[in-house]
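Each remark here refers to the structure printed beneath this line.
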Amino acid sequence: MKNYLEEQLKKRLTELGWPVDDLQFSRPKKADNGDWSTNIAMALARVVRQAPLQIAHTMMDELSLDPEIVDRYDIVAPGFVNFFQSPDYLAHQIRQIVTQDTRYGRNNSGAGQKAQVEFVSANPTGPLTVGHGRQTVLGDTIANILDWSGYEVVREYYFNNAGRQMRKLGESLRARYLTLKGLPTELPEDGYQGEYLVDIARDLLDKQPDLTVDTELSVFKEYAEAGIFQIIKGTLARMGVTHDVFYNENTLYESGKVEEVLDELRRKDLVYEKDGATWFKTTALDFEQDRVLVKSTGEPTYRLPDMAYHREKFRRGFNFIVDVFGADHQDTYPDVLAALKVMGFDTSKVHVVIHQFVTLMRGDEVVKMSTRKAEFVTLDELLDEVGVDVVRYFYIMRGAGSHLNFDLDLAKRQTEENPVFYLQYAHARIASIFRKAEERGIEFDAHAGLKKLNEPETLALINELLTFPEVVERCLRTLAVHHLPNYLYSLATALHKFYTEHRVISDDVTLSQARLLLLKAVKIALRNGLQILGVTAPERM
RNA sequence: GCUCCCGUAGCUCAACCGGAUAGAGCAACAGUCUUCUAAACUGUAGGUUACAGGUUCGAGUCCUGUCGGGAGUACCA
């Protein structure tokens, strides 16, 4: 309908010799204001030098619209033109949904394009925490949206298993191992104190009992890394997340890609040496201060391999690149992007999604988290308590830019007041009606006449139903995926209201079949939406 | 000090590119099950969108400033 209106109005505006650039449509909040509305008359007022209402009339008077699509339109002060869709059009749309079934909501705006979403990317120093959970769900859901928009999507996990942190990890494991062996050993300063290392140490002792203080650290380091990755991957699997690629930062050194970036920046005269370190001349690119690329110890800082990594993303042919970071990485990407731009890449293809932190609460108390100390709640523990559906929904229901308060007590208590169940219940309710229909011998008819569907609650439900594809598109455009749970929630509300007012199965077979057809379409939208969120759609509860 | 995010009902949060009377849930109060699942629905109450200016037909949304919260500002990642 929107496309049709756009087409017709563009034609008309061109006839009148008026610009079409500002033409846009929106869905009014109130039903009285139609199904689609345009503010073009107000937007043109200045250019055309006429009153908005007059412009609207001039525009609409000579325009004939297809009555099978547009029922009527109103011109309303201060200058809105509101369009109402025709019943035939609605009926046609509902049948379309049932035909499309698992494809309803998909679009092909990304057809033939490759997208990559990098998320989680936690170094293997400990189990994923509640803090990582937000990023996990955010990234996976964005990837799902890209998939539903026709992109070929790669989910990627970038990690670093070299450097100071990993050395500390190896040392920590060694201390745990030796202690278990009866040689009490202090954990190193800033070591990792988590219980999980004791488990891994026990495991190592079991398999290789002969290690000593003099054994190469790398043995402990590698064993710790493998053990922790196993834990992390297990958690991701429970979350329903599968990464296609685990990208090891180290390969960028081995292949010389890191060196190549340095050379290239050097050729652009953006690198200099000072105090034994190698600096990136970011001030030449309008930044406040220069940044170190290679420390005086010879070790590169994170940003140099990051540049190399992103350069590889471009070279691998991705057209749409999403980086999901926590707020603490705020400052790390601008100079990385700047370097890529200098190297001639189109950085508008990179979309950085930054999410604010999760504040973990136990009742009124804030739980402090630190991977190094033992103070944290793991994502696994959370999954044990509330289950995947609740975890995924809770993490995604708020905008990424907002701080998220995750009250453990509340989440654990979640049983009846839970929005996830509200959604799932809507789906299960429809399933239940279909079971009942079958029992009563009422056949489902995909071609049932829909003329009787005209009550307010029914029309409200239909309108909500039909906006699903727009919501998917909006999620893609804004990469703000919380729009989806919000939408599904209002779809569920519309369904529950409809259910309360109207019996689906009655003696009026024609009406029953019409309502069944509508509910079939609603069920499809709910199921597809929940699927994007990674939440199950139960047939009964 | 500087940069970024945030400030909306008692609490947790929505509001697509600036649109029409700022919406939900929870908590409070009052109702609705002989009928497809009451994990639901209806109603009442709750607001100077932190504050002060500005831009315009129109501002929660954009601009400037102030206040408050968070993150960053490393030769950590």
Side-chain angles (χ1 to χ4, degrees), chain A residues 22 24 26-30 32-33 37 39 42-43 45-46 51-52 76-80 82 121-123 125 160 163-165 249 274-279 287-289 291-303 305-306 326-332 334 354-357 359 397-405 407 410 415-426 428-437 439-440 442 470-471 473-475 477-478 480 482-483 485-487 489-490 492-493 495-506 512 515-516 519 540-541:
Chain A
D22 288 334
Q24 49 181 279
S26 62
R27 281 194 179 270
K29 286 175 200 159
K30 288 191 59 181
D32 291 350
N33 290 330
S37 176
N39 62 352
M42 287 176 286
R46 180 174 293 185
V76 180
F80 291 105
N82 298 332
S121 295
N123 285 339
T125 57
N160 167 10
R164 205 181 69 91
Q165 279 187 48
E249 179 186 319
K274 193 181 92 185
D275 303 333
T278 306
W279 294 72
F287 283 79
E288 289 207 357
Q289 50 186 301
R291 306 283 190 167
V292 170
L293 290 172
V294 183
K295 299 184 240 177
S296 51
T297 57
E299 257 180 299
T301 61
Y302 64 87
R303 78 189 95 233
D306 251 23
D328 54 337
H329 283 60
Q330 194 88 227
D331 261 17
T332 72
I354 300 231
H355 69 269
Q356 297 301 310
F357 277 157
T359 308
M397 68 196 283
R398 305 298 181 213
S402 306
H403 291 92
L404 182 68
N405 281 325
D407 186 337
L410 190 73
T415 46
E416 288 168 22
E417 359 170 312
N418 200 310
V420 190
F421 297 152
Y422 182 85
L423 278 186
Q424 295 183 317
Y425 181 51
R429 223 174 195 182
I430 297 173
S432 165
I433 292 169
F434 273 93
R435 284 193 295 272
K436 185 63 97 183
E439 231 171 74
R440 296 277 175 85
I442 297 174
E470 293 159 34
V471 175
E473 281 168 32
R474 191 157 120 214
C475 287
R477 194 174 66 242
T478 59
H482 68 282
H483 290 129
N486 288 345
Y487 161 73
Y489 195 89
S490 35
T493 300
L495 182 271
H496 288 312
K497 283 181 182 174
F498 165 83
Y499 176 93
T500 309
E501 291 297 322
H502 307 290
R503 279 193 68 77
V504 175
I505 296 161
S506 65
S512 298
R515 287 180 174 163
L516 279 175
L519 287 204
R540 56 178 86 225
M541 288 174 75

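Just so we're on the same page: letters track the sequence lines, and every chain starts at 1.
- Looking at Lys497(A), its side chain has no donor and acceptor atom pair within 3.5 Å of the base of rU42(B).
- Checked by atom type and distance alone, the side chain of Ser37(A) never pairs as donor or acceptor with a backbone atom of Ser26(A) at under 3.5 Å.
- In this view, His329(A) and Phe325(A), Thr332(A) satisfy the side-chain contact (heavy atoms from CB on, under 4.5 Å) rule, not counting sequence neighbours.
- At the phosphate of rA14(B), OP1 or OP2 sits under 4.0 Å from a side-chain N or O atom of Ser402(A).
- Within a 6.0 Å radius of CZ in Arg46(A), other residues, nucleotides and ligands contribute 12 heavy atoms or fewer.
- Partners of Pro334(A) under the side-chain contact (heavy atoms from CB on, under 4.5 Å) rule, at least two apart in sequence or in another chain, are Phe287(A).
- Comparing atom distances between the Met541(A) side chain and each of rG69(B), rC75(B), rA39(B) picks out rA39(B) as nearest.
- A sub-4.0 Å separation between OP1 or OP2 of rG23(B) and a side-chain N or O of Lys29(A) is absent.
- A close approach under 4.0 Å does not occur between any side-chain nitrogen or oxygen of Arg429(A) and OP1 or OP2 of rC36(B).
- The same atom, P, is picked in rG54(B) and in rA22(B); the two are 23 Å apart, to the nearest Å.
- Side chains of Trp279(A) and Val294(A) form no contact here, defined as non-hydrogen atoms less than 4.5 Å apart.
- Going from the C1' atom of rU61(B) to that of rU56(B) covers 14 Å, rounded to whole Å.
- In this pair, His496(A) and Tyr422(A) present their aromatic rings perpendicular. The plane angle is above 60°, beyond the 30 to 60° band.
- Taking the side chain of Ala277(A) as heavy atoms from C-beta on, and the options rA20(B), rC13(B), rC75(B), the nearest nucleotide is rC75(B).
- Annotated as anti: rC29(B), whose O4'-C1'-N torsion sits more than 90° from 0.
- Here the separation of rC33(B) from rA15(B), taken at their P atoms, is 37 Å to the nearest Å.
- The side chain of Thr493(A) lies closest to rC41(B) when the candidates are rC75(B), rU12(B), rC41(B).
- Salt-bridge check for Arg164(A) with Glu299(A): failed, with every basic side-chain N at 4.0 Å or more from each acidic carboxylate O.
- Distance alone, capped at 3.5 Å, is enough to place a donor-acceptor pair between the Asn123(A) side chain and the Asn160(A) backbone.
- Ring-to-base geometry does not place Phe80(A) in a stacked arrangement with rG19(B) (centre distance under 5.5 Å, plane angle under 30° required).
- Comparing the P positions of rC11(B) and rA50(B) gives a spacing of 13 Å, expressed to the nearest Å.
- Comparing the P positions of rU64(B) and rG69(B) gives a spacing of 22 Å, expressed to the nearest Å.
- Under the 90° criterion around 0 for the glycosidic angle, rC63(B) counts as anti.
- Residue order along RNA chain B, read from the 5' end via each residue's closest nucleotide, puts Arg477(A) first among Arg477(A) and Arg46(A).
- Side-chain atoms of Thr478(A) stay outside donor-acceptor range of the base of rC16(B), with no qualifying N/O pair under 3.5 Å.
- Not a single donor-acceptor contact under 3.5 angstrom links the side-chain atoms of Asp328(A) to the base of rG72(B).
- Note on Tyr499(A): every side-chain N or O is 4.0 Å or more away from OP1 and OP2 of rU42(B).
- Counting non-hydrogen atoms under 4.0 angstrom, Asp32(A) reaches nothing in the nucleic acid.
- Side chain of Asn486(A), nearest nucleotide from rA40(B), rG19(B), rA14(B): rA14(B).
- For RNA chain B, runs of at least 3 consecutive pairs of the Watson-Crick or G-U wobble type, with both hydrogen-bonding distances under 3.5 angstrom, map to B:1-7 with B:67-73, B:10-13 with B:23-26, B:28-32 with B:40-44, B:50-54 with B:62-66.
- Separating the P atom of rU48(B) from that of rA39(B) is a span of 37 Å, rounded to the nearest Å.
- Look at His482(A) and you'll find a side-chain N or O under 4.0 angstrom from OP1 or OP2 of rA15(B).
- Dashed line: the shortest gap from a side-chain N or O of His496(A) to OP1 or OP2 of rU42(B) is not under 4.0 Å.
- Between the P atoms of rA59(B) and rG19(B), the separation comes to 11 Å (whole Å).
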